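In what follows, chains are A, B, ... by sequence order, proteins preceding strands, each numbered from 1. Because the structure is a prediction, the values reported are computed rather than measured.
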Amino acid sequence: MPELPDLQVFSYNLAKLFKGKKLVKLNVVNGKRIRTPAAKLKKACEKSVLNDVYREGKELRFEFKNGNIIGLHLMLHGALKVFEKKNDAKFTIAELLFDNGKGLAITDFQGMATIYLNPKEKDAPDALSPAVNKKYLAEKLNSKGNIKNLLMDQHVIRGIGNAYADEILWDAKISPLSVANKIPATKVARLGKSIKTVLKKAEKQIRKEHPDLISGEIRDFLGVHNSRKKESPGGSKIKNVVIGGRKTYYTDEQAVYK
DNA sequence: AGAAATGTTGCGCT
DNA sequence: AAGCGCAACATTTC
């Protein structure tokens with residue numbers, strides 16, 4: 001359930017913990033959703049040194065010196081836990097043991113988190129990539145679809161989930177009830193800016209509040225997608241509606257284009 | 001104490 | 001025929 005800014009912080013902290021360490025052992029505990037056979041994963045990465053950990057869309061990637069990459073998608077409820085010696089985490093899917101004596105447990109009570117070797121390149125650009133600019137957005141928003149659904153569509157932009165879609169639309173002052181191809185060009189440009197600023201600001205905030213975070217999600221600072229708030233930072237009443245099967249928070253500060 | 005939350009996939013309807 | 005809604009996944013948290 002972590003979203004892009006959380007994952008960004010996790011990747012930074014995981015790199016701090018494990019970069020330059022050799023993977024001694026990789027154990028698959030619950031393989032039902034693991035897309036690469038356990039033996040193949042082990043063979044590809046065991047005994048190799050971890051080169052880097054980074055985020056791509058909603059995935060975390062563990063890149064090894066031998067060129068192999070483990071892709072991890074936490075889905076709704078996946079979580080990470082660092083352990084020493086013994087992993088006592090419940091619902092473990094896999095564990096990575098490094099030569100500094102520390103281990104990383106990947107858990108998911110729903111068993112939905114996925115792991116795969118060498119994930120293939122995706123077409124859609126990452127939300128923080130320079131490729132997500134006003135030209136790209138204008139092209140992709142030429143659609144009769146709902147704007148929030150498009151923002152969350154991983155085939156359009158990778159990395160934006162339910163909570164940050166609401167935050168970005170509020171920041172851009174566009175109602176989530178809007179139809180994509182009715183949004184004027186100037187507002188599309190503003191949306192492009194909001195994508196970057198909202199996500200980057202959130203990452204900074206999370207890092208400030210929880211410098212060593214590798215699990216969970218921090219949402220207490222969100223302006224509108226926040227069940228504890230009645231009013232937006234601008235003082236407008238926060239309303240609810242369901243879009244794409246998910247709870248959507250917005251206010252009348254946001255213009256509806258239909 | 002019962003609903004809500006969270007992402008993806010795949011299916012069926014319009 | 002693009003776009004939407006729904007179910008399934010399974011447990012924790014309010």
Side-chain angles (χ1 to χ4, degrees), chain A residues 1-11 29-36 55-61 71-81 88-94 105-116 119-120 122-124 126-127 137 139-169 175-183 199 202 206 213-222 224-230 238-250 256-258:
Chain A
M1 59 179 140
E3 292 208 31
L4 187 149
D6 305 288
L7 291 167
Q8 189 82 18
V9 175
F10 297 175
S11 72
V29 180
N30 170 5
K32 89 172 179 197
R33 294 269 304 173
I34 308 246
R35 309 228 183 131
T36 306
R55 180 198 59 79
E56 264 289 321
K58 295 182 189 177
E59 292 175 15
L60 289 174
R61 302 224 169 142
L72 168 65
H73 196 310
L74 295 172
M75 302 296 279
L76 288 174
H77 303 285
L80 298 170
K81 197 182 169 198
D88 54 7
K90 281 162 85 180
F91 312 113
T92 299
I93 286 184
I106 298 157
T107 72
D108 186 349
F109 67 72
Q110 201 173 15
M112 295 291 277
T114 58
I115 296 174
Y116 24 77
K120 61 169 182 258
K122 309 280 201 310
D123 294 333
D126 186 85
L137 285 174
E139 213 173 278
K140 291 294 177 181
L141 299 192
N142 181 20
S143 145
K144 286 185 228 165
N146 169 275
I147 183 60
K148 185 179 176 185
N149 281 340
L150 278 163
L151 277 184
M152 292 195 301
D153 186 342
Q154 303 302 300
H155 303 290
V156 176
I157 301 172
R158 284 181 303 136
I160 300 174
N162 192 35
Y164 284 96
D166 286 354
E167 292 299 307
I168 289 164
L169 286 170
S175 166
L177 301 167
S178 298
V179 173
N181 65 6
K182 304 283 184 183
I183 301 173
L199 295 175
I206 292 165
L213 191 75
I214 58 154
S215 189
E217 95 274 289
I218 310 301
R219 298 266 191 79
D220 52 3
F221 60 87
L222 297 187
V224 288
H225 192 98
N226 195 328
S227 56
R228 291 210 294 277
K229 286 201 170 155
K230 294 241 176 338
I238 296 174
K239 302 180 167 181
N240 291 312
V241 69
V242 172
I243 293 174
R246 319 233 85 87
K247 193 157 194 179
T248 298
Y249 297 82
Y250 69 104
V256 190
Y257 302 99
K258 275 194 170 189

Novice: Could you work out the separation of dT6(B) and dC14(C) based on their C1' atoms and round it to a whole Å?
Specialist: 15 Å
Novice: Tell me if the side-chain of His77(A) makes a donor-acceptor pair with the base of dT6(B), cut-off 3.5 Å, by modelled atom types.
Specialist: yes
Novice: Are Arg55(A) and Asp6(A) close enough for a salt bridge, meaning some N to O gap below 4.0 Å?
Specialist: no
Novice: Any N/O pairs under 3.5 Å between the protein and nucleotides 3-7 of chain C? List them or say none.
Specialist:
from   : atom 1 : to        : atom 2 : distance (Å)
dG3(C) : OP1    : Ser143(A) : OG     : 3.0
dG3(C) : OP1    : Lys144(A) : N      : 3.1
dC4(C) : OP1    : Asn146(A) : N      : 2.6

Novice: With side chains defined as the heavy atoms from C-beta onward, is the minimum distance between Ile168(A) and Lys148(A) less than 4.5 Å?
Specialist: no
Novice: As a test of understanding, state which of Leu74(A), Leu7(A), Leu4(A), Ile160(A) forms a side chain to side chain contact (heavy atoms under 4.5 Å, CB included) with Lys58(A).
Specialist: Leu7(A)
Novice: Within the structure, does a side-chain N or O atom of Arg228(A) lie under 4.0 Å from either OP1 or OP2 of dC14(C)?
Specialist: no
Novice: Salt bridge or not between Glu59(A) and Arg158(A)? Use side-chain N to carboxylate O under 4.0 Å.
Specialist: no
Novice: Can you tell me how the ring of Phe109(A) sits relative to the ring of Phe91(A), calling it parallel under 30°, perpendicular over 60° and tilted otherwise?
Specialist: perpendicular
Novice: Between Asp166(A) and Lys247(A), does any side-chain N to carboxylate O distance fall below 4.0 Å?
Specialist: no
Novice: Taking the side chain as every heavy atom from C-beta outward, state whether Arg219(A) and Asn226(A) have any atom pair closer than 4.5 Å.
Specialist: no
Novice: Output the pairing pattern of DNA chain C as a dot-bracket string, 5' first, Watson-Crick or G-U wobble with both distances under 3.5 Å, | for cross-strand pairs, [ ] for crossing pairs.
Specialist: .||||||||.||||
Novice: How is Tyr164(A) classified with respect to the nucleic acid when contacts are heavy atoms under 4.0 Å: base, sugar-phosphate, or nothing?
Specialist: nothing
Novice: Could you check Asn142(A), Leu141(A), Ile147(A) and say which one makes a side chain to side chain contact (heavy atoms under 4.5 Å, CB included) with Asn181(A)?
Specialist: Asn142(A)
Novice: Are any of Lys247(A)'s side-chain N or O atoms less than 4.0 Å away from OP1 or OP2 of dA5(B)?
Specialist: yes
Novice: In whole Å, measure the gap between the P atoms of dA1(B) and dC9(C) for me.
Specialist: 26 Å
Novice: I want to check something: taking the side chain as every heavy atom from C-beta on, are Tyr257(A) and Val179(A) in contact at a cut-off of under 4.5 Å?
Specialist: no
Novice: Produce the list of close N/O pairs, under 3.5 Å, pairing protein atoms with atoms of nucleotides 8-14 of chain B; give distances to one decimal.
Specialist:
from   : atom 1 : to       : atom 2 : distance (Å)
dT8(B) : OP1    : His73(A) : NE2    : 2.9
dT8(B) : OP2    : Lys58(A) : NZ     : 3.1

Novice: Any non-hydrogen side-chain atom of Pro119(A) less than 4.5 Å from a side-chain atom of Arg61(A)?
Specialist: yes
Novice: Roughly how far, to the nearest 0.5 Å, is CG of Leu151(A) from CG of Leu169(A)?
Specialist: 5.0 Å
